[in-house]
Structure formats: structure tokens, C-alpha cells
2 protein chains.
Amino acid sequence: MIRQQLLTPSPEDLADFLNRHTRSRDCLVQVAGLAEVTYQGRAASTADVGTYLMVIKQDGSLQIHHPTGIKPMNWQPKTDSITARVDEDVCMLLASRRSPEELVQVVFLEPQVALALELAQAGGFVLRGSEAEMQQTLAEHPELIEPGLRVLNRELMVESGGIDLYARDAQGRYVVVELKWGRATQHAVSQLARYVRSVEGKLPARAVVRGILAAPSITTPARLELEDRGLEFREVSALPQATAAAGGPGAQPSLFD
Amino acid sequence: MIRQQLLTPSPEDLADFLNRHTRSRDCLVQVAGLAEVTYQGRAASTADVGTYLMVIKQDGSLQIHHPTGIKPMNWQPKTDSITARVDEDVCMLLASRRSPEELVQVVFLEPQVALALELAQAGGFVLRGSEAEMQQTLAEHPELIEPGLRVLNRELMVESGGIDLYARDAQGRYVVVELKWGRATQHAVSQLARYVRSVEGKLPARAVVRGILAAPSITTPARLELEDRGLEFREVSALPQATAAAGGPGAQPSLFD
DNA sequence: TCCTTAATTTCGCAT
DNA sequence: ATGCGAAGTTAAGGA
């Protein structure tokens, strides 16, 4: 499982280590220690000398973490090229990709640990409770939005994007429904307005098109803009309450701090 | 620098290790090996048995990585509580937080490596070339957008959000400028339209308010909607050309694969 | 705290 | 490749 581990490696050893294990593309490589990081591409950044943890995965994706926070300080989603070399008595790593063209450069001033791990088998992964699932439920039960509603399409593509639900109401008027899994924002109102305009453009003049924003809640500014534009809001409780995972929240004996 | 390292630890040893080092809040903890992960909170997810890498940082943020991809398979931005315990002869870790209430549970079936690292000094961090910098440059040189433009405000707050640049043109008409650092999308057009409406609402009736979207490029649908709404586009090259980092792209001797 | 926006967003899907 | 929108988005900043 541990392919190789080095402690306080020399620049040469570290460069060898990095080149060998990144090329084999079958293990996860990490180096922790004092380093300096620069990025240039979509933006440009420099991280001062500090203690960081660099992780390179099998697909060549690279991330450099500082001591706190969920997001890496620097990263590269997938690299075309990773090269380590010794330059002026330090090991330096260059990770680059095209499209967009960008480059991450790491200078390892005092590498403390280098570790190559085999992460062989990845199990299946299932996520439940996304907006897609909410859409499916409401498509099957449109009466939860409004009695008499009949769904014509799901994910109907118009030039301005995809309409979550396209329907007709009890009076035969066309209805555009925009779903939000969480609290609806002004962004959602803009989206809905755009879709309504698109549909109106496709129908004969004077056809009435209703726009309904369906979400568990809505922000105050969004509500104002919605009413201002003659659109409607329907409160829809977040539906798919997943069956509680083994040992639900609320039974931890001790605290993190 | 390595606080402690365990190889193929027993469930009891691993639980002790995790509890001790997560509580001290001064090191980065990681465990690699065969595990099973479930999440419940904003959504719900299950990862079948597989080989994963779990990292817990000093602030209690947790991420579990599978072999590929930049994003963790499961994560928790900052936990209120992290607890490890032995249950049915395996070590199990519970990481939870409130607001939103969510829980990550990791069952370590065959832990291979457990490592506690000190990542002491974090370097300062500088990022350049963001939209903020573009805004500053254009605020100081509004003639790059249009001759005769005078900037009245930057980041002017209106009820619908913040206007990047608020200005008057050579004819004295008010101008709302929305900046995008990258390619402008429909989203940016909606934003601009919202701001123009807000400003029109504050001015005497019939006042003319121009809306200008300034970006290096614009998508076709966005351009259509922009013109449809009587708004304007100005091409502005991505200004802050960062001074090339040492050893810019295009000089790698060898490829990643 | 709520709300909005930026992000080197990433990711996936459709054209 | 481009365009669009979701995401368990995260993170920052103002009201």
C-alpha cells in the first residue's frame, strides 16, 4: 500500500521520486515540507515560503494545501505534464497544462516527507437529494406545485438554457417552472424571467405564459423582483428526505474542541 | 515534522491516534486505506468500500479523496465535532457540524497508514490578476471603455447588488458598467439588466441609463440577449498581464505521460 | 445573521 | 470545443 516513503530527502532523491511515481500513473504522491508556490495561467499568484502539503493523484491532478481550509491554496485540475528537476540545489516541480495554458511551480526548500501510496480500488459512489431528484419527484407529482398542472417537458432546451419543467395549468395556460433545491435567489428569478421570455417568443403573440419559481424558500429581494415581474412563487418543501444513515446526527459523545 | 506515524494500526490504536491529534488542533492528520464513507446533511451520499485518503486539517476541516479528480469525494468544510471510536472491531470516525447540520461517517476497514504532520508556518499569500484588479485599472482609465467616460462610483451598492462602475458619458447620460474578467455569459447580462433597472428606478422618469458590459469576450447567446435588451458590449482585453513567473510555460523537457 | 458575488471555481451534459 | 447550469459548491464582503 505504501509504495515508497522518504524522510527529509535530498533534492536529487526527491526529484527522482517525483518523476518516477508521477509517470507510473498508478499511485498517489504527496510531499510535505517548506516550499514556495507560484501559479500562472487564468490568474497569477505567489505563495510565500511556508509549510505546505502537495498531493498529486493518478490522473495528474495536483493540489497544494495550507494548514487550514477545505480548498487547496493552489491547484491544477488535470495536468498534461509534470516534471521535477534539481535547480540550484533545490528540487523544483513544474506542472502544466494547455487549454487553458497554465503552470504551477513548486520549489521544495525543506522537504520533510515524501510518500507514494497505492489507492487501488474505488468503490461505487451514490449521491441522493440533488436538484435532479427534486425535479423527478415534482415531474411525477405536479399537483404538489398546483392542482391541475400537467407537465409537458422536463429539461426543455430553449436558446437561453434548459427549462426545468414546462407545463400547462388547469386553464390551458403555459407554465414555466424553475426549481431550486435550496433558498431561491435573484439569480433564479432572472433565470425564470429569461425562460418565460424565450417561451413567449416561440408562441403566438398575446399567449399567456406563467412563470413559477418552486423552492423551499426565497430571499426577500428575490421575492420583490419576482412580484415586480409578475412571476409567482410556490413553496415546495425539500422532498427527498433520505433514509437516515446509520447513526444519525446527535449522538456524539465528545467535541472536537 | 512527523508527529506520529502508524502502519496498519489496530482499530483501538487508530481511534486513539485520531482522537488525540484532532483534539490538539495543531497538526494535519491523514489516514489511508480501505474504508467506507457515508454523508448525510444537505444531501446524502454513500461510498462503497474502497481505498481512500482522508485528510483532517488543523481547523477541523475534513476531506476524503478517491484516486482521481481535484475535488474530494466527501468533505466537511469545518467540523464542530470529530470523534473516533471502535465499534464492532473497526475504527469509525464521525465528523459533524451544525448550520447546516451534517455528518460524515468513515469506517476504516483496513487502515494502512496514519500520519500526523505539523504544518507550522503558513506563508502569506498574494493573488493577482483578479476581477478586482481589472476594476481598479478601468476605474483609473475609463477611457479604455469609452472616451469621455467619467467614473462616479466603484462598487456602488443598490438594492439588487453592487454596480462595478457607475459613470456618466460625454453626453451626461448615466452609465452602468458591469465587468467580467473572463468571457461574459448570460448571467452577466442579467446582472447588468438588473442594475440598470435599479438605477432607472432611482432617477427621475425618462432619464436615460446606459448599460455596458465590459469583458474580453462574450458568448453568442449572451450577445443576443444583450442587444435584445438595448445594452452594449465593449471588448476590453484582460488587462493585468502578470509579469511572467520564473520559467514560464513552454519549457518543459519531459511529459507527464 | 442574511444576502450577494467571485472563483484559476469543478463537474457534467448537450450542441 | 463551446455554452450553460448545478454544486453537499467554498469563500469573502457588505448590510
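Each chain gets a letter, A, B and so on, in the order its sequence line appears, and its residues count up from 1.
Residues passing the salt bridge (charged side-chain N to carboxylate O under 4.0 Å, His left out) test with A/Glu232, sequence neighbours excluded: A/Arg210, A/Arg234. Applying the side chain to side chain contact (heavy atoms under 4.5 Å, CB included) test to A/Ser61 and every residue at least two apart in sequence or in another chain returns A/Lys57, A/Asp59, B/Ile70. Among residues two or more places apart in sequence or in another chain, the side chain to side chain contact (heavy atoms under 4.5 Å, CB included) test is passed with B/Ala132 by B/Ser130. In this structure A/Thr46 satisfies the side chain to side chain contact (heavy atoms under 4.5 Å, CB included) test together with A/Thr38, sequence neighbours excluded.
The residue B/Arg223 sits apart from the nucleic acid: no heavy atom pair falls under 4.0 Å. Counting any heavy atom pair closer than 4.0 Å across all strands shown, B/Lys78 reaches no nucleic acid atom. B/Glu159 comes within 4.0 angstrom of nothing in the nucleic acid, heavy atoms only. Within 4.0 Å (heavy atoms only), A/Gln186 reaches sugar-phosphate atoms of the nucleic acid but no base atom. Using a 4.0 Å heavy-atom distance criterion, B/Pro221 is classed as a sugar-phosphate-only contact. Among the protein residues, A/Gly161 comes within range of the sugar-phosphate backbone only, with heavy atoms under 4.0 Å from sugar or phosphate atoms but none that close to a base.
Taking atom P on both C/dT4 and C/dT8, the two are 22 Å apart, rounded to the nearest angstrom.
The side chain of B/Arg183 places no N or O atom within less than 4.0 Å of a non-bridging phosphate oxygen (OP1 or OP2) of D/dT2.
Side-chain atoms of A/Glu155 and A/Gln135 form a donor-acceptor pair, as typed in the model, at a separation below 3.5 Å.
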How would nucleotides 8-13 of chain D be written as a contact map, 5' to 3', with B for base contact, S for sugar-phosphate-only contact and - for no contact, using protein heavy atoms under 4.0 Å? BSSS--
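For B/Gln58 against B/Leu28, the heavy-atom pair with the smallest separation is CG-N, 4.4 Å.
The outermost nucleotides of DNA chain C lying under 4.0 Å from heavy atoms of chain A, listed 5' to 3', are C/dC3 to C/dT10.
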